[in-house]
Protein chains: 2
Amino acid sequence: MMRAIFAGLLLLFQTNAPSNPASQAARQWRRQHERAIVDEFVSLLAIPNVSNDRANIQRNAELIAKMMEKRGITSKLVSLPGANPVVFGEIKTPGASRTVVFYAHYDGQPLDPKEWASPPFTPTLRDKPVEDNGQTIPLPGTGTPFNPEWRLYARGAADDKAPIIAILTAIDAIRSAGLKMKSNIKFAFEGEEEAGSTNLEKILTANKELFSGDVWLGCDGPVHQTRSQSITFGSRGISTVDITVYGPRGELHSGHYGNWAPNPAMMLVQLLASMKDANGRVLVDHFYDGIEPLSETEKRAIAEAPNIDAELMREFWIGSTENAPRKLAELITLPSLNIRGMASSRIGNQASNVIPATASVTIDMRLVPGMEVRETADRLIEHIRKQGFYVVDKEPNAEIRRAHPRVALVVRKGGESPHRISMDLPISQEVIRTVESARGPVVKIPNSGGTGPDVATRVLRIPEIGIPIGNHDNNQHSFNENLRLQNLWDGIELMAALLTM
Amino acid sequence: MMRAIFAGLLLLFQTNAPSNPASQAARQWRRQHERAIVDEFVSLLAIPNVSNDRANIQRNAELIAKMMEKRGITSKLVSLPGANPVVFGEIKTPGASRTVVFYAHYDGQPLDPKEWASPPFTPTLRDKPVEDNGQTIPLPGTGTPFNPEWRLYARGAADDKAPIIAILTAIDAIRSAGLKMKSNIKFAFEGEEEAGSTNLEKILTANKELFSGDVWLGCDGPVHQTRSQSITFGSRGISTVDITVYGPRGELHSGHYGNWAPNPAMMLVQLLASMKDANGRVLVDHFYDGIEPLSETEKRAIAEAPNIDAELMREFWIGSTENAPRKLAELITLPSLNIRGMASSRIGNQASNVIPATASVTIDMRLVPGMEVRETADRLIEHIRKQGFYVVDKEPNAEIRRAHPRVALVVRKGGESPHRISMDLPISQEVIRTVESARGPVVKIPNSGGTGPDVATRVLRIPEIGIPIGNHDNNQHSFNENLRLQNLWDGIELMAALLTM
């Protein structure tokens with residue numbers, strides 16, 4: 001549906017011939033080799049890639065290394081005991097003073113094959129999305145063009161093996177056209193991103209020299225919902241807490257004690273309602289203190305971003321938004337306080353005639369630069385105290401519960417820091433220019449709303465910029481993950497431009 | 001624990017020899033026949049009595065009828081197709097112009113035998129409560145007195161076979177002492193109270209003449225927590241609703257959309273928080289309108305009721321109460337609005353980084369005389385509208401959800417009317433005097449906090465008065481249900497007084 005609806009906006013952003021010579025060469029090469037490109041992609045997608053499937057993870061890594069070697073690229077698997085290997089590759093460019101590191105990951109989300117329309121590791125071409133009753137079709141013969149709206153279904157098709165194939169294909173195209181690179185190029189293709197990048201920081205720390213460079217291009221995630229190319233310069237952080245408030249020791253009969261025994265669900269809703277006003281502004285004292293203001297460039301980028309809010313509201317069946325009339329593109333550069341879930345006793349036909357014993361909630365707060373994980377949780381805890389709660393960090397005993405009218409257990413679940421590099425940095429501006437030379441006007445996102453990695457910045461001290469290629473409707477992390485072929489074609493042209501930057 | 005703690009209060013209310021001659025005769029008879037009384041009780045408790053176990057329900061009913069016949073009491077089983085029989089019995093008293101109907105029920109709550117310390121239908125004597133490590137002991141030989149603190153464990157021991165045995169034993173004692181009855185006596189022992197008295201109204205309607213009388217004594221439930229005898233003149237009603245509020249069509253990523261997509265859990269907590277103030281007063285307009293005021297007698301009864309609030313707070317581990325400083329005895333004569341449970345997405349380690357799609361709550365409102373089931377739900381629904389919600393009574397479709405900033409599905413789950421008869425009625429005053437002549441000062445409760453039957457009033461147009469005999473700590477409705485023997489002994493004396501009223 002989104003596909004059809006955005007058709008109008010799409011036209012505004014669709015490119016014709018790219019101005020970038022490497023992108024032009026990539027387009028020509030791709031048109032001549034569509035079947036071979038897809039065959040190579042299929043061979044990679046056919047290897048199961050769930051992080052804890054160590055044997056197949058190894059096969060994936062070895063195949064990618066072999067694909068590099070076939071192209072004369074020095075490669076090796078870099079690992080640590082217990083870790084899935086990072087596939088490292090390097091192209092040295094004589095006379096180059098700059099190194100561009102391309103990051104992607106070859107592992108995929110865990111899955112249940114029963115949910116899939118076709119087996120997740122049997123890459124399957126379909127003429128339309130499964131949701132639109134798309135049918136399986138055979139790969140066309142060599143020389144016959146693929147319809148760019150066809151989709152390839154497999155775990156990892158979009159998230160995140162597509163950039164690996166796009167990069168390798170772009171290298172073929174660059175060489176075939178006799179174009180030269182200007183920078184040294186490195187590849188870091190991770191094998192456990194979907195398991196939380198458990199070992200990436202350790203691997204980079206142990207191999208700082210090997211992975212160092214001047215800019216880290218994170219080739220992951222989907223492009224904008226309008227199909228426009230996007231570039232992301234950071235992401236929100238997160239701080240998560242679990243809160244439980246207490247009523248009677250056990251559930252009490254709501255007739256015998258209702259109107260007298262304190263109801264923990266009522267206490268919790270009064271507490272939570274105090275955290276935000278009716279329009280979505282967070283009422284926790286100092287919550288917005290110290291936030292780094294957006295630069296003029298970032299503000300302009302937000303103003304220029306396509307306004308898809310009305311369409312998303314339609315898609316999501318919602319009749320209002322928080323913090324209206326400010327739009328989504330701006331709001332993700334501000335922090336949020338979100339109820340992930342809450343629970344107290346039972347509801348509906350499972351409900352009993354009781355006053356519950358406890359009521360619990362999980363809250364995540366998305367952070368923007370200038371905010372810290374621990375300090376933000378501290379401010380929330382202080383707010384809970386101001387609402388009259390005695391706050392504990394472990395299960396309160398009878399004495400504590402008897403001694404205080406309101407008791408809240410608050411458990412900090414940790415989080416991740418926000419990060420954002422300036423769009424005004426020379427490298428930021430150069431990446432924007434390069435991407436636009438390949439793909440036309442791009443949507444420039446100061447920071448994504450979600451939380452993303454900044455391990456390169458933390459360990460290697462180099463700026464990270466997000467360069468996605470997948471379609472937004474790729475079913476990432478869910479069943480029936482797929483890549484729209486036009487996104488792969490566009491990705492090859494994009495990578496060709498970035499490789500010759 | 002409650003047992004030990006209330007020792008002081010208990011002394012105030014403990015009786016010595018009863019002034020009522022029938023009660024005196026009952027005490028003497030009981031002292032001479034303890035083993036025989038317990039044997040008869042054990043024979044009744046040994047028959048499983050879960051409502052849907054039709055074969056055993058029939059055996060229970062037949063045994064009770066046989067116990068009546070053994071005493072020369074006319075009895076019969078009154079039923080309807082598909083219903084468990086009501087055991088009817090009748091003692092006609094020459095010259096009597098008044099008929100007293102004793103109600104009890106012989107069925108018990110469903111159970112899981114695995115939870116019980118001893119098999120629920122193998123009545124087991126213990127020297128102390130199971131919770132205090134009470135041990136199984138054999139029944140003492142005939143002539144050897146039972147320790148009155150011993151307890152008999154079985155489903156139905158307290159709820160509600162004990163009154164049946166107490167009544168039948170009291171009749172033996174009255175006759176043995178050559179005392180005369182002054183009223184006609186009827187018995188209505190129901191067999192599906194724990195299944196919601198599904199057919200009682202129909203059976204009474206079909207047999208109005210048979211069950212008619214001047215007062216209906218509901219012999220069910222526990223006495224006061226202080227062990228004092230209590231009498232109840234009504235009960236609160238109830239009106240229950242389920243509410244669901246809506247966010248996005250499906251759960252959304254809290255990073256990508258947090259701060260923009262409306263969070264249904266936040267909407268729900270704001271709605272619920274608007275329903276009560278910090279001290280527990282309900283803020284729904286007109287909620288308290290039309291409530292029948294308490295009479296001076298009822299107010300005095302509440303003032304005279306033992307104040308157990310501080311002790312209950314200790315027992316329940318609570319540090320505050322709603323509507324403080326008013327005490328529980330008063331508060332159950334006022335209506336309540338209670339959250340039974342609520343749910344939205346998942347919490348704790350099961351929580352995902354999402355904005356939930358829906359949030360739901362189940363609310364019960366306890367009603368007092370002057371309030372109505374439907375009208376009270378109407379007032380709540382009007383309150384929800386005033387908070388900006390578009391209220392629907394079935395699952396809202398996409399168009400409705402898109403058209404309104406806030407949508408709430410409210411499902412009325414029905415309820416029961418409140419009822420309360422005046423303590424100033426001559427029959428009320430006579431019952432109070434009679435009970436006090438057997439048991440000393442009683443706790444007079446205008447209405448119980450819970451919801452109780454008023455079918456006799458509705459169908460037969462006769463006043464109902466609640467006369468419990470079970471210990472408050474009988475584990476009613478749970479596993480390890482038990483009756484403290486002193487409560488059976490007291491019950492026999494109490495029933496002797498009421499039978500000769």
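Chain identifiers are assigned alphabetically (A, B, ...) following the order of the sequence lines, protein sequences preceding nucleic acid strands; residue numbering begins at 1 within each chain.
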(Q) Heavy-atom cut-off 4.5 Å, strictly under: side chain, backbone, both or neither for B/Leu272 against chain A? (A) both

Q) Based on non-hydrogen pairs under 4.5 Å, which of A/Ala359, A/Pro248, A/Pro262, A/Ala324 is most in contact with chain B? A) A/Pro262

Q: Check each atom of A/Asp242 against the heavy atoms of chain B and say whether the ones under 4.5 Å are side chain, backbone, both or neither.
A: side chain

Q. At a heavy-atom separation under 4.5 Å, does A/Leu252 approach chain B through its side chain, its backbone, both, or neither?
A. side chain

**Q.** Spacing of B/Glu315 atom CD and B/Gln225 atom CD [to the nearest 0.5 Å]
**A.** 9.5 Å

**Q.** Under the salt bridge (Lys or Arg N to Asp or Glu O under 4.0 Å) test, residues paired with B/Arg326 that sit two or more places apart
**A.** B/Glu330

Q) Does a sphere of radius 6.0 Å around OH in B/Tyr288 hold more than 12 heavy atoms from other residues, nucleotides or ligands, not counting ones at 6.0 Å or beyond? A) yes

Q: Answer yes or no: is there an ion pair linking A/Asp364 with A/Arg340, defined by an N-O contact shorter than 4.0 Å?
A: yes

Q.
Below 4.5 Å, heavy-atom pairs only: which of B/Met275, B/Gln270, B/Gln350 has the largest tally toward chain A?
A. B/Gln270

**Q.** Top contributor to chain A contacts, counting heavy-atom pairs under 4.5 Å, from B/Ile355, B/Val282, B/Ile243
**A.** B/Ile355

**Q.** Under 3.5 Å donor-acceptor, B/Arg236 side chain and B/Pro418 backbone
**A.** no

(Q) Please identify, among B/Pro356, B/Gly280, B/Ser235, B/Ser254, the residue contributing the most non-hydrogen atom pairs under 4.5 Å to chain A. (A) B/Ser254

Q: Identify which part of B/Ile238 has an atom lying under 4.5 Å from any heavy atom of chain A, answering side chain, backbone, both or neither.
A: neither

Q. Counting heavy-atom pairs under 4.5 Å to chain A, which of B/His256, B/Arg401, B/Met342 comes out on top?
A. B/Met342

Q.
Donor-acceptor pair, distance only, cut-off 3.5 Å: does the side chain of A/Asn338 make one with the backbone of B/Val354?
A. yes

Q: Mind ranking A/Pro396, A/Ser274, A/Ala351, A/Gly388 by heavy-atom pairs under 4.5 Å with chain B and telling me who comes out on top?
A: A/Ala351

Q.
At a 4.5 Å cut-off on heavy atoms, which part of A/Leu271 comes close to chain B: side chain, backbone, both, or neither?
A. neither

Q) A/Ser448 versus chain B, heavy atoms under 4.5 Å apart: side chain, backbone, both or neither? A) neither

Q. Can you tell which of A/Ser345, A/Ala403, A/Ser352 has the highest number of heavy-atom pairs within less than 4.5 Å of chain B?
A. A/Ser352

**Q.** chain B contact via A/His404 - side chain, backbone, both or neither, heavy atoms under 4.5 Å
**A.** backbone

Q | Which atoms of A/Asp277 approach chain B - backbone, side chain, both or neither, heavy atom under 4.5 Å | A | backbone

Q: Heavy-atom pairs under 4.5 Å with chain B are the metric here; pick the option from A/Asn353, A/Leu334, A/Val361, A/Ile332 that has the most.
A: A/Asn353

Q: For A/Thr362 and B/Gly348, indicate whether the former's side chain and the latter's backbone hold a donor-acceptor pair under 3.5 Å.
A: yes

Q: Let me know if B/Pro264 has heavy atoms under 4.5 Å from chain A in its side chain, its backbone, both or neither.
A: neither

